[in-house]
Amino acid sequence: MMNKKIENKVGNNIRILRENINMTQEQLATKLQINGCDITRSAIAKIEVGQRHLYHDEVILIKKILNVSYDDIFDVEK
């Protein structure tokens with residue numbers, strides 16, 4: 001199980017990165033679905049507040065969709 005603090009931070013990073021490009025949770029969920037990831041807007045909301053685990057395939061697609069680096073997503077130091 002992932003450290004709760006890290007999961008919260010990673011989720012918050014995803015929220016900030018998503019908001020930086022003016023994308024809604026709904027838009028992110030739709031883009032993930034189009035790319036074969038079965039996820040809902042409410043699951044995105046839970047990820048962003050650290051209430052839901054993030055799966056590897058989701059991370060890979062989120063990185064691609066948001067056009068960011070893994071460092072951007074996983075930076076827990078800032």
Side-chain angles (χ1 to χ4, degrees):
M1 171 129 170
M2 221 176 169
N3 176 310
K4 194 73 186 140
K5 230 183 242 178
I6 292 174
E7 217 158 66
N8 286 342
K9 186 64 183 145
V10 169
N12 191 55
N13 288 347
I14 290 170
R15 179 186 61 79
I16 291 166
L17 294 164
R18 176 183 57 74
E19 289 176 347
N20 282 347
I21 59 168
N22 298 311
M23 183 182 288
T24 65
Q25 291 176 340
E26 189 65 55
Q27 289 168 325
L28 179 54
T30 299
K31 286 177 184 278
L32 285 161
Q33 290 164 7
I34 288 167
N35 283 278
C37 192
D38 186 22
I39 196 166
T40 62
R41 188 215 54 84
S42 66
I44 299 288
K46 287 178 180 173
I47 288 167
E48 290 184 353
V49 295
Q51 290 179 353
R52 180 187 172 283
H53 179 71
L54 197 52
Y55 295 97
H56 300 96
D57 59 332
E58 295 167 346
V59 175
I60 292 164
L61 281 174
I62 288 170
K63 173 192 174 291
K64 183 178 151 193
I65 290 164
L66 299 180
N67 194 27
V68 296
S69 69
Y70 290 115
D71 285 346
D72 292 329
I73 293 172
F74 290 107
D75 183 1
V76 295
E77 303 301 318
K78 43 178 178 173

### Task
Check the hydrophobic clustering (I, L, V, M, F, W, Y; side-chain heavy atoms under 4.5 Å; chains of links allowed) and say if I73 and I6 are grouped together.
yes
### Query
Given the rule that I, L, V, M, F, W and Y join up when any side-chain heavy atoms are under 4.5 Å apart, are L28 and F74 in one cluster?
yes
### Query
Hey, which of N13, L17, I14 is the one that makes side-chain contact (heavy atoms from CB on, under 4.5 Å) with D72?
L17
### Summary
Correct closest heavy-atom pair for D57 and C37 would be OD2-SG, 4.4 Å
### Query
Shared ILVMFWY cluster between V76 and V59, side chains joined below 4.5 angstrom?
yes
### Task
Determine whether E58 and R52 make a side-chain contact, defined as any pair of heavy atoms from C-beta on separated by less than 4.5 Å.
yes
#### Entry: Donor-acceptor pair, side chain of Q33 and main chain of I39, under 3.5 angstrom
yes
### Query
Do K31 and E26 sit within salt-bridge range, that is, some charged N less than 4.0 Å from a carboxylate O?
no
### Task
Could you please spell out the steps behind the side-chain contact (heavy atoms from CB on, under 4.5 Å) verdict for I44 and L32?
CA-CA 10 Å; I44 299 288; L32 285 161; 3.5 Å; yes
### Query
Can you get from I34 to L61 by hopping between Ile, Leu, Val, Met, Phe, Trp and Tyr side chains that sit under 4.5 Å apart?
no
### NZ/NE/NH1/NH2 to OD/OE distance under 4.0 Å, R18 and E48
yes
### Task
Might you point out which heavy atoms bring I47 and H53 nearest each other, and give the distance in Å?
CG1-O, 4.3 Å
### Query
Rounded to the nearest 0.5 Å, what separation is found between the OG1 atom of T30 and the CD atom of Q25?
11.5 Å
### Query
Judged by atom type as modelled, is there a donor-acceptor pair below 3.5 Å linking the side chain of Q27 to the main-chain atoms of T24?
yes
### I60 reachable from I65 in the ILVMFWY side-chain graph, under 4.5 Å edges
yes
### Task
Go through I62 and L54 one step at a time and tell me if the side-chain contact (heavy atoms from CB on, under 4.5 Å) criterion holds.
CA-CA 10 Å; I62 288 170; L54 197 52; 4.0 Å; yes
## Note on the structure
On a heavy-atom basis, the closest approach of N35 and K64 is OD1-NZ, 3.8 Å
### Message
Does any part of the side chain of L66, heavy atoms only, come nearer than 4.5 Å to the side chain of I21, both counted from C-beta?
### Response
yes
### Task
Rounded to the nearest 0.5 Å, what's the gap from NZ on K63 to CG on D71? Could you check?
10.0 Å
